[in-house]
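The structure presented is a predicted model; accordingly, all values stated were derived computationally and were not measured. Note that these values count all heavy atoms, side chains included, but never hydrogens, waters or copies made by symmetry.
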Amino acid sequence: KDFDLFLEHHPPAPKEEFDKAVSILAPLGKPIEVEYLSTIKKPNRLKVLCKVTYSDTAEELLWDFNLIPNDGEYRLVNMGFDK
């Protein structure tokens, strides 16, 4: 479910890598809202920022995605989470 929500807002990423990364967020509950914040252009990459709200906490989390150009599209190279 988290992966489907992610795909609504971002380029494709390997599902196995995504599931492993977000597994540490399980105590926060299910993501109930994803709000796109900004895309920051860097040399040879993009940084995409989103605010994510979860079902079991009042805290919001910042998701940070780094994308690089790949055959005319962008490929996810890493992602991070920040409270």
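Here K47 pairs with D64, N66 under the side chain to side chain donor-acceptor pair (under 3.5 Å) rule; sequence neighbours left out. Residues satisfying the side chain to side chain donor-acceptor pair (under 3.5 Å) test with T57, not counting sequence neighbours, are none.
A distance of 5.5 Å separates CG in L62 from CG in L49, rounded to the nearest 0.5 Å. Taken to the nearest 0.5 Å, the NZ atom of K51 stands 6.5 Å off from the CG atom of L37. Note that CG of L25 is 12.0 Å distant from NZ of K30, once rounded to the nearest 0.5 Å. With rounding to the nearest 0.5 Å, the separation of CE in M79 from CH2 in W63 is 5.0 Å.
Proximity of a side-chain donor or acceptor of T53 to a complementary backbone N or O of I32 within less than 3.5 Å is not detected.
Residues V52 and P31 share a closest heavy-atom pair of CG1-CB, 3.9 Å. In terms of heavy atoms, C50 sits closest to Y36 at SG-CA, 3.9 Å. Here the closest non-hydrogen pair linking I68 and N44 is CG2-O, 3.8 Å.
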Quiz item: Is there a side chain to side chain contact (heavy atoms under 4.5 Å, CB included) between L61 and L28 once you walk through the steps?
Solution: CA-CA 10 Å; L61 209 62; L28 301 176; 4.0 Å; yes

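Residues L67 and R45 fail the side-chain proximity criterion, which asks for heavy atoms closer than 4.5 Å.
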